[in-house]
Amino acid sequence: MVGLSVGEKHFIQGGIAQDLRTDGRKRLTYRPIFVETGVIAQANGSARVKFGGTEVIASVKAELGRPSSSAPDKGKVSIFVDCSPTAAPQFEGRGGEELSMELSAALRQCLLGGKSGAGAGINLSSLSIVDGKVCWDLYIDGLVISMDGNVLDALGAAIKAALSNTGIPKVNIASASTPDEQPEVDVSDEEFLQFDTTALPVIVTLTKVGRHYIVDATSEEESQMSSAVSISVNRQGLICGLTKRGGAGLDPSVILDMISVAKHVSEQLMNKLDSEIAAAEAAMEEDS
Amino acid sequence: MEFVSPEGLRLDGRRPMEMRQLRAELGAVSRADGSAIFEMGNTKVIAAVYGPREVQHRGQQLNDKALIRCEYTMANFSTGDRMRRPKGDRRSTEISLVIRQTMEACIMTHLMPHSQIDIFVQVLQADGGTRSACINAATLALADAGIPMCDLVTSCSAGYLNTTPLLDLNYVEDSAGGPDVTVGILPKLDKVTLLQMDAKLPMDIFENVMQLATEGCKAVANYIREVLMENTKQLENRRGV
């Protein structure tokens with residue numbers, strides 16, 4: 001994918017070993033983060049996030065649906081990611097499908113928790129309207145516009161920003177329906193409830209190159225990786241999900257070390273992201 | 001349904017011969033050779049150009065000119081009702097073809113034999129006129145990539161509803177079932193490279209509607225030229241010339 005000469009490969013690996021990467025960053029430094037909210041007018045919430053040369057858009061759409069019989073008091077959330085061919089020519093046609101599936105699955109693991117919905121980063125109970133009858137279905141769509149490494153973290157950040165931008169319409173339930181009937185609901189188009197995103201985790205991907213690991217790798221650096229571990233950590237410092245990618249095996253003690261580093265880095269990322277989201281929201285209000 | 005009020009205003013408050021607000025931005029995709037965002041009102045598309053580069057499938061290589069390829073994709077969230085459409089459906093394939101043919105008309109392909117140029121357009125928001133918006137975005141992206149072109153192709157649509165010719169239809173007007181004329185022109189050479197119409201229309205009215213769409217194309221061309229000039233000035237400043 002990335003064409004590198006032997007010299008360039010050595011330069012990248014040597015730089016990482018000496019804690020000075022090709023773009024001048026240290027191993028645990030992020031590229032500049034840029035957040036813009038409300039970019040898609042038709043969605044309930046949306047955000048565009050840039051991590052250096054990586055750019056993604058996330059949109060949230062809420063639709064009324066029926067809760068599943070196994071979890072009648074919870075709403076449903078589905079996450080889909082698409083890789084646009086604008087990001088790389090090899091995504092043309094069905095070329096991006098494999099990566100899209102991998103990213104969607106990783107995001108589901110990191111944000112949605114188990115099948116029962118337990119341990120989810122998104123509070124599914126808040127999406128319930130009438131137990132067992134009506135609930136909100138949240139469709140979260142991610143779109144990769146431009147790709148320069150670390151797409152998963154960017155998608156996680158974009159989803160967090162989009163959800164904090166999401167207004168879910170207030171619903172009035174017409175009472176006096178028998179317990180068996182589907183209740184009539186009236187969706188308000190004026191009043192919106194803000195979605196609570198304080199519990200939403202951020203995703204930190206540590207990419208292992210040589211003996212060291214780095215955050216926010218560029219495509220060039222990712223081409224040199226042996227393996228990568230994506231860890232989602234919430235504000236309390238709890239791990240909400242974890243996925244490992246890449247071929248090489250990892251020593252269990254290294255994984256534990258990576259987790260503690262990720263926990264430390266996630267605090268900085270979370271604070272940085274929160275301030276960027278707040279700034280984006282403020283800028284949007286100024287515009288309107 | 002009434003699409004033009006007695007006061008002469010359309011559903012979104014425009015006059016019949018008024019275009020939606022245009023906005024364009026160059027260099028939206030950092031890894032691409034050229035890219036642009038183009039907005040016409042609520043319609044928003046991104047175009048990215050990769051190339052000229054080596055031909056990927058040897059069998060497609062052309063010995064006397066460059067191979068142009070184009071793909072049109074719509075984001076899941078681009079339409080009002082969310083839908084997950086399969087890739088490569090008939091409509092996307094048709095629009096890809098239309099964009100490719102339109103761009104081929106202006107790219108000086110004979111200067112780049114044995115090479116390939118990829119144009120990818122991604123619709124972020126669809127509110128009518130995606131075809132035109134994609135062509136305009138592709139023109140800007142090609143210019144940003146520095147690909148030799150004989151002119152800037154621009155496109156605009158016009159329709160005919162309530163016995164009034166309307167410029168630049170939005171989604172509601174587009175789905176009203178009236179005729180929809182999409183025109184693409186080479187403004188400097190004054191040539192039409194794209195012309196599509198559905199539904200029927202008397203000859204004399206068609207002439208008016210097409211004239212209106214052509215005027216729209218010229219307005220878009222002026223805007224695109226301004227954006228490119230502004231961009232070049234900025235580049236010049238950065239180089240310190």
Side-chain angles (χ1 to χ4, degrees), chain A residues 1-3 31 34 36 39-48 50-63 78-97 100 104 137-149 151 162 218-220, chain B residues 25 27-37 39 41-51 53-57 69-89 92-93 96 116-127 134 137-138 141 171:
Chain A
M1 189 165 91
V2 189
R31 287 172 286 183
F34 166 86
E36 188 185 347
V39 286
I40 306 294
Q42 286 128 326
N44 293 74
S46 60
R48 181 163 82 132
K50 278 192 212 175
F51 276 34
T54 298
E55 183 175 344
V56 298
I57 292 182
S59 97
V60 180
K61 274 197 180 170
E63 281 171 21
S78 30
I79 301 180
F80 297 101
V81 178
D82 249 336
C83 293
S84 167
T86 57
Q90 66 265 30
F91 294 156
E92 194 187 351
R94 297 185 166 274
E97 231 156 63
S100 305
S104 313
D137 286 347
L138 280 195
Y139 291 97
I140 303 178
D141 281 297
L143 181 70
V144 181
I145 301 280
S146 173
M147 198 164 75
D148 187 13
V151 181
T218 60
S219 309
E220 282 82 14
Chain B
E25 191 186 317
V29 182
S30 52
R31 305 279 293 184
D33 293 307
S35 61
I37 294 186
E39 289 175 32
N42 273 332
T43 299
K44 188 172 182 178
V45 301
I46 291 190
V49 170
Y50 288 86
R53 56 194 188 121
E54 210 177 312
V55 181
Q56 276 179 322
H57 305 286
R69 291 171 27 126
C70 181
E71 190 175 302
Y72 166 98
T73 39
M74 284 183 93
N76 287 331
F77 48 76
S78 62
T79 45
D81 293 318
R82 184 188 172 283
M83 57 174 112
R84 228 176 134 67
R85 52 170 79 237
K87 284 219 164 158
D89 57 339
S92 314
T93 316
S96 306
Q116 161 180 349
I117 299 170
D118 290 297
I119 305 169
F120 298 115
V121 281
Q122 170 81 51
V123 178
L124 297 180
Q125 284 188 87
D127 184 26
C134 286
Y171 180 72

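Just so you know, these numbers use all the heavy atoms, side chains as well, and skip hydrogens, waters and symmetry mates.
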Note, A/F34 side chain near A/E55 side chain (heavy atom, < 4.5 Å)
no
Residues which pass side-chain hydrogen bond (donor to acceptor under 3.5 Å, both in side chains) with A/E36, listed by chain and number, not counting sequence neighbours
A/R48
Residue A/A41 versus chain B: region with a heavy atom under 4.5 Å
both
List in chain and number order the residues that pass side-chain hydrogen bond (donor to acceptor under 3.5 Å, both in side chains) with A/T86, two or more places apart in sequence or in another chain; answer none if no residue qualifies.
A/S84
Using a strict threshold of under 4.0 Å (side-chain N to carboxylate O), is an ion pair present between B/D118 and B/R53?
yes
Whatever's closer than 4.5 Å to a heavy atom in chain B on A/V60 counts as neither
By a 4.5 Å heavy-atom criterion (distance strictly below it), what part of B/F77 contacts chain A: side chain, backbone, both, or neither?
both
